[in-house]
Amino acid sequence: MMRADDGRMTVDLLETILAATRRIVEVRQVREPIGDLWRRAERRPARPGRLRAALGRTDRVNLIAECKRRSPSRGVIRGDYDAVAIARAYAAAGAAAVSVLTEPTFFDGSLQDLEAVCSAVDVPVLRKDFIVTEYQLIEARAAGADAVLLIVAALSPRDLRSLAGRADALGLDVLVEVHNADELRDALDLGARIVGVNNRNLRTLDVDLRASVDLIAGMHAGVLAVSESGIATAQDLRRLRVLGYRAFLIGERLMTEPDPGQALAGLLHAYEAGAGAEPSAGGARSGGAR
């Protein structure tokens with residue numbers, strides 16, 4: 001629990017989601033034992049390094065476009081949610097990669113969405129979830145994902161290292177997500193090659209791009225830095241790219257539009273149209289959508 005400014009006790013959302021995730025994974029393991037799941041996963045070819053290669057390109061702005069129906073902060077974002085249609089539109093519009101929310105309780109996601117998207121697009125696909133067990137990594141491989149998200153705030157240092165190592169063995173790229181300087185040190189100590197700075201506080205849901213502004217100086221050379229959440233405009237992209245970010249994860253900004261693929265194409269066009277007038281690296285912008 002956390003105490004709000006007015007003294008009321010509020011639920012720690014991250015801990016609530018993690019508790020629900022552990023229960024759900026236990027149920028899925030009963031339905032499909034890990035040995036059976038592994039046999040399914042082995043039928044999928046491993047494609048290590050695919051996400052990193054896509055996000056490391058220097059001839060474009062690299063966007064990870066996210067598919068999600070719901071979020072804890074906004075409720076249902078898209079009632080007519082069709083993950084495959086949205087992912088195809090993203091790929092056609094120029095997304096470097098697609099992220100699919102698979103957490104069912106708070107985001108209305110599913111592994112079925114992930115598997116369908118992996119079969120429908122040629123760009124790398126990231127499984128976006130609150131991963132706490134090896135079982136979930138094998139699920140990602142079995143569904144055809146190229147990469148998984150590991151959230152430093154959700155894992156002990158020992159579990160983070162263990163899961164990152166197991167993901168690597170499975171041929172999955174890992175996007176290691178951090179929110180502050182301590183978590184960034186943990187990610188770098190791990191040897192993370194792709195580090196995402198989430199501008200959304202997962203415990204309060206507040207969004208502030210200053211997280212990305214503040215943490216970029218701590219990134220090691222060779223680390224591919226990704227800014228996540230709160231990015232709404234081409235100006236945001238240009239400013240963050242000047243700071244050193246190589247890729248950007250955008251979700252609600254696109255999902256709330258009538259046509260997410262068209263919205264992505266418009267954002268990329270606006271970026272390219274103003275690419276010759278890069279803003280200075282100073283300043284920070286609060287608010288925005290994930």
Side-chain angles (χ1 to χ4, degrees), residues 37-38 40-58 60-68 87 90-91 95-103 109 111 113-115 117-155 159-178 183-184 186-198 219-229 244-251:
L37 177 63
W38 174 241
R40 269 205 305 126
E42 283 186 308
R43 295 197 288 269
R44 292 281 193 175
R47 299 183 290 187
R50 194 162 181 251
L51 180 68
R52 180 174 169 80
L55 300 186
R57 285 179 51 175
T58 59
R60 64 181 184 187
V61 58
N62 301 310
L63 297 188
I64 307 171
E66 189 156 273
C67 300
K68 68 177 176 181
Y90 283 157
V98 171
S99 167
V100 180
L101 255 298
T102 60
E103 195 285 324
L111 285 162
D113 286 341
L114 178 67
E115 187 166 10
V117 168
C118 289
S119 298
V121 299
D122 291 329
V123 298
V125 178
L126 167 73
R127 179 186 183 180
K128 188 84 170 291
D129 209 324
F130 296 80
I131 291 178
V132 293
T133 72
E134 178 188 7
Y135 189 86
Q136 292 167 283
L137 298 177
I138 303 173
E139 285 179 326
R141 167 76 180 271
D146 300 285
V148 294
L149 179 77
L150 292 181
I151 303 171
V152 174
L155 298 164
D159 287 344
L160 176 64
R161 186 169 296 276
S162 174
L163 289 171
R166 186 62 181 133
D168 187 63
L170 287 165
L172 296 167
D173 283 355
V174 177
L175 172 58
V176 180
E177 181 174 287
V178 305
E183 292 176 10
L184 176 58
D186 288 344
L188 298 177
D189 288 346
L190 175 72
R193 289 170 287 183
I194 312 174
V195 176
V197 176
N198 192 345
M219 294 283 183
H220 289 175
V223 170
L224 199 156
V226 182
S227 182
E228 308 171 18
S229 303
Y245 285 92
R246 304 282 296 283
F248 311 90
L249 191 150
I250 304 178

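If you read the sequence from its start, that first residue is 1, and numbering goes on from there.
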* To do: Please name all residues satisfying side chain to side chain contact (heavy atoms under 4.5 Å, CB included) with Asp159, sequence neighbours left out, ordered by chain then number.
  => Leu155, Ser156
* Asked: What's the shortest heavy-atom distance between Asn62 and Arg57, and which atoms?
  -> ND2-O, 2.9 Å
* Worked check of salt bridge (Lys or Arg N to Asp or Glu O under 4.0 Å) between Asp146 and Arg47 -> CA-CA 6 Å; Asp146 300 285; Arg47 299 183 290 187; 3.1 Å; yes
* Asked: Is a donor on one side and an acceptor on the other found under 3.5 Å between the side chain of Arg193 and the backbone of Arg52?
  -> no
* **Residue pair Leu126, Leu249: steps toward the side-chain contact (heavy atoms from CB on, under 4.5 Å) verdict** => CA-CA 11 Å; Leu126 167 73; Leu249 191 150; 4.2 Å; yes
* Begin from the C-alpha positions of Glu177 and Lys128 and carry the test salt bridge (Lys or Arg N to Asp or Glu O under 4.0 Å) through to its verdict. => CA-CA 11 Å; Glu177 181 174 287; Lys128 188 84 170 291; 5.2 Å; no
* Identify the heavy atoms of Met219 and Val197 that sit nearest to each other, and give their distance. => CE-CG2, 3.6 Å
* Taking all atoms of both residues into account, what is the closest heavy-atom pair of Leu114 and Thr102, and its distance? -> CB-CG2, 3.8 Å
* Passing option when Leu184 is tested against Val195, Val176, Val152 for side-chain contact (heavy atoms from CB on, under 4.5 Å) -> Val195
* Kindly give the heavy-atom pair with the smallest separation between Ala97 and Leu51, and that separation in Å. => CB-CD1, 3.6 Å
* Just by distance, do the side chain of Gln136 and the backbone of Phe130 share a donor-acceptor pair under 3.5 Å? -> yes
* To do: Find the distance between CG (Asp129) and CG (Leu111) and round it off to the nearest 0.5 Å.
  => 7.5 Å
* Asked: Given the rule in the side-chain contact (heavy atoms from CB on, under 4.5 Å) test, do Leu175 and Glu228 qualify, once you have shown the distances and angles that lead to the verdict?
  -> CA-CA 11 Å; Leu175 172 58; Glu228 308 171 18; 3.7 Å; yes
* **Within-4.5 Å side-chain heavy-atom neighbours: Leu55 and Arg246** => no
* **Any Ile131 side-chain heavy atom under 4.5 Å of Leu149 side chain** => no
* To do: Search all heavy atoms of Glu183 against all heavy atoms of Ala153 and return the closest pair with its distance.
  => OE2-CB, 3.4 Å
* Structure fact -> On a heavy-atom basis, the closest approach of Pro48 and Asp173 is C-OD1, 3.9 Å
* Is the backbone of Val148 close enough, under 3.5 Å, to the side chain of Arg127 for a donor and an acceptor to pair up by distance? -> no
* Could you tell me whether the side chain of Arg44 and the main chain of Ala142 form a donor-acceptor pair under 3.5 Å? => yes
* Asked: Considering residues at least two apart in sequence or located in another chain, which fulfil the salt bridge (Lys or Arg N to Asp or Glu O under 4.0 Å) criterion with Arg40?
  -> Glu32
